[in-house]
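So you know, we letter chains A, B, ... as the sequences are listed, proteins then strands, and number each from 1.
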Amino acid sequence: MESELGELKSLNDLQLIDLSLKGNMRAFEVIIKRYESAVARVTISMLGNEAADDVGQEVFLRFYSSMKKFKGDSKLGTYLVRIAINLSLNEIKKNTRYSSGNNDNIENNHGSYNLEEEADTRSIIQYSLNLLEPEFRTVVVLRNIEGYSTRETAEILNIPQGTVLSRLSRGHQKLKEIITKLDVL
Amino acid sequence: MKESDKTENIIEEMANFNPEYQEGFSARVMGKIESMENQQQLPQFNRFISWISLSGAAAIILLLLMVYSTDGTLNMDAIYGLLNYSPDEPLLASLK
């Protein structure tokens with residue numbers, strides 16, 4: 001059992017997909033474990049902890065259902081991140097509690113954020129991201145958290161590179177405003 | 001620290017932002033896949049059962065039609081094939 005897992009872990013993505021398509025569920029589990037962190041970073045950054053787990057599961061379920069279509073044109077990690085971004089944006093649209101990106105929401109939302117207790121960088125990042133509008137949040141997550149290049153981000157989001165750069169710049173500007181306001185609270 | 005420096009620091013720190021799902025994420029996904037596969041198999045099983053039921057019903061209807069066309073009635077004797085059967089017939093035949 002352990003040796004089988006070890007062997008599977010040494011296989012590349014396409015080999016694992018091939019085995020999964022032949023019904024080897026352990027191979028698919030290795031795919032999940034390989035990309036769980038990347039999908040978690042995207043979904044938790046986009047949605048926070050509560051909804052991220054469900055959306056993360058949905059990412060892998062969608063991939064499982066459409067695995068036959070994956071031909072390896074892009075890296076599997078990028079493919080899964082693209083699904084994660086799309087599902088996260090759908091979730092944000094569905095969520096009526098979505099904050100409109102207006103920084104005034106900081107005052108409205110400060111009940112869920114206690115600066116004295118949770119003023120670590122991780123909490124500040126998570127909280128600030130949640131206040132960014134989805135279009136800026138997506139670019140900031142892909143560029144600054146996932147570490148994709150401008151070109152890769154543009155490909156994932158299917159937008160021009162210039163749009164990525166302008167959204168990134170505006171996203172940073174908005175983050176600055178949010179962080180400044182947090183200090184005021 | 002200046003506000004702009006603080007923001008820059010936080011943006012730089014984002015590269016180290018590494019949140020994780022709760023323990024057992026892959027097991028939860030595998031569980032969902034299993035139940036999804038079971039749900040996909042259920043309609044196939046239901047179709048199989050329906051096919052058997054319809055075949056049985058068609059056979060019964062065909063049989064009744066044959067009985068009716070042969071005997072002109074659908075009473076129980078006709079269905080059992082005993083409409084023209086007399087229990088004493090073999091006894092009388094042996095006495096002759």
Side-chain angles (χ1 to χ4, degrees), chain A residues 20 23 25-26 28-45 47-49 52-61 63-65 120-129 140-141 143-147 168 171-184, chain B residues 1-67 79-81:
Chain A
S20 304
M25 298 310 285
R26 304 273 293 172
F28 194 75
E29 201 168 351
V30 171
I31 292 176
I32 297 172
K33 285 185 174 156
R34 192 172 283 178
Y35 291 104
E36 180 185 329
S37 295
V39 172
R41 275 197 304 275
V42 170
T43 52
I44 295 174
S45 306
L47 302 167
N49 281 316
D53 198 285
D54 286 341
V55 172
Q57 289 180 39
E58 186 64 25
V59 169
F60 287 103
L61 289 176
F63 176 64
Y64 182 80
S65 303
D120 56 59
T121 310
R122 184 190 155 134
S123 306
I124 293 171
I125 291 171
Q126 185 68 73
Y127 188 76
S128 312
L129 283 172
V140 170
V141 167
R143 287 285 285 109
N144 297 121
I145 294 179
E146 275 303 293
L168 186 65
H172 285 177
Q173 184 59 39
K174 281 175 179 280
L175 276 177
K176 189 179 171 183
E177 289 167 19
I178 291 165
I179 291 163
T180 307
K181 283 200 176 186
L182 279 176
D183 272 355
V184 174
Chain B
M1 195 188 287
K2 280 167 43 186
E3 287 302 332
S4 57
D5 291 343
K6 203 178 280 182
T7 309
E8 285 301 317
N9 279 349
I10 285 177
I11 289 170
E12 277 174 25
E13 271 300 312
M14 283 181 174
N16 303 320
F17 185 60
N18 210 8
E20 293 280 346
Y21 291 129
Q22 283 181 350
E23 194 98 348
F25 176 80
S26 60
R28 290 197 292 281
V29 177
M30 295 309 289
K32 278 200 173 176
I33 287 173
E34 201 175 314
S35 63
M36 191 173 78
E37 300 241 299
N38 287 343
Q39 278 175 356
Q40 281 171 351
Q41 281 170 0
L42 198 63
Q44 284 177 354
F45 180 72
N46 286 345
R47 268 202 300 274
F48 178 67
I49 294 293
S50 307
W51 186 81
I52 290 177
S53 309
L54 286 174
S55 304
I60 290 168
I61 291 168
L62 194 64
L63 184 72
L64 292 175
L65 284 174
M66 284 171 67
V67 168
I79 291 170
Y80 289 143

### Task
Might you work through the side-chain contact (heavy atoms from CB on, under 4.5 Å) test for A:Gln57 and B:Ile33, ending with a clear yes or no?
CA-CA 10 Å; A:Gln57 289 180 39; B:Ile33 287 173; over 6 Å; no
### Task
For A:Leu61 and B:Lys32, work out which heavy atoms get closest and say how close.
CD1-CD, 3.8 Å
#### Entry: Interatomic distance, A:Lys176 atom NZ to B:Ile11 atom CD1 [nearest 0.5 angstrom]
9.5 Å
### Query
Just checking heavy atoms, which of residues 53-61 of chain B are less than 4.5 Å from chain A?
none
### Task
Could you tell me whether the side chain of B:Phe17 reaches within less than 4.5 Å of the side chain of A:Arg41, counting heavy atoms only?
no
### Region of A:Ser65 that comes under 4.5 Å of a non-hydrogen atom in chain B
side chain
### Query
For the residue pair A:Ile179 and B:Ile10, what are the closest heavy atoms and their distance?
CD1-CD1, 3.6 Å
### Message
We want to know whether A:Glu36 and B:Ser26 form a side-chain donor-acceptor pair, criterion being a heavy-atom distance below 3.5 angstrom.
### Response
no
### Nearest atoms (heavy-atom pairs only) where B:Arg28 meets A:Asp53
NH2-OD2, 2.6 Å
### Task
Tell me, for A:Leu129 versus chain B, whether the close heavy atoms (under 4.5 Å) come from the side chain, the backbone, both or neither.
side chain
### Query
Looking only at heavy atoms, which two atoms of B:Met30 and A:Ile32 are closest? And how far apart?
SD-CD1, 3.6 Å
### Query
Distance from B:Glu34 atom CD to A:Met25 atom CE, nearest 0.5 Å?
8.0 Å
### Message
Using heavy-atom distances under 4.5 Å, tell me whether A:Val141 contacts chain B through its side chain, its backbone, both, or neither.
### Response
neither
### Task
For residues 44-67 of chain B, pull every pair meeting ring pair (Phe, Tyr, Trp, His ring centres under 6.0 Å), keeping only residues two or more places apart or in separate chains.
none
## Note on the structure
Scanning both residues in full, the closest heavy-atom pair of A:Ala40 with B:Pro19 reads CB-O, 3.7 Å
### Task
List for me each residue that meets ring-ring contact (aromatic ring centres under 6.0 Å, His included) alongside A:Tyr64, sequence neighbours excluded, and say none if there are none.
A:Phe28
## Note on the structure
Sorted by chain and residue number, the ring-ring contact (aromatic ring centres under 6.0 Å, His included) partners of A:Tyr35 (sequence neighbours excluded) come out as none
### Query
Is there a side-chain contact between A:Leu175 and B:Met14 (heavy atoms, below 4.5 Å)?
yes
### Task
Consider only side-chain N and O atoms of B:Tyr21 and A:Ser37, and report whether a donor and an acceptor are under 3.5 Å apart.
no
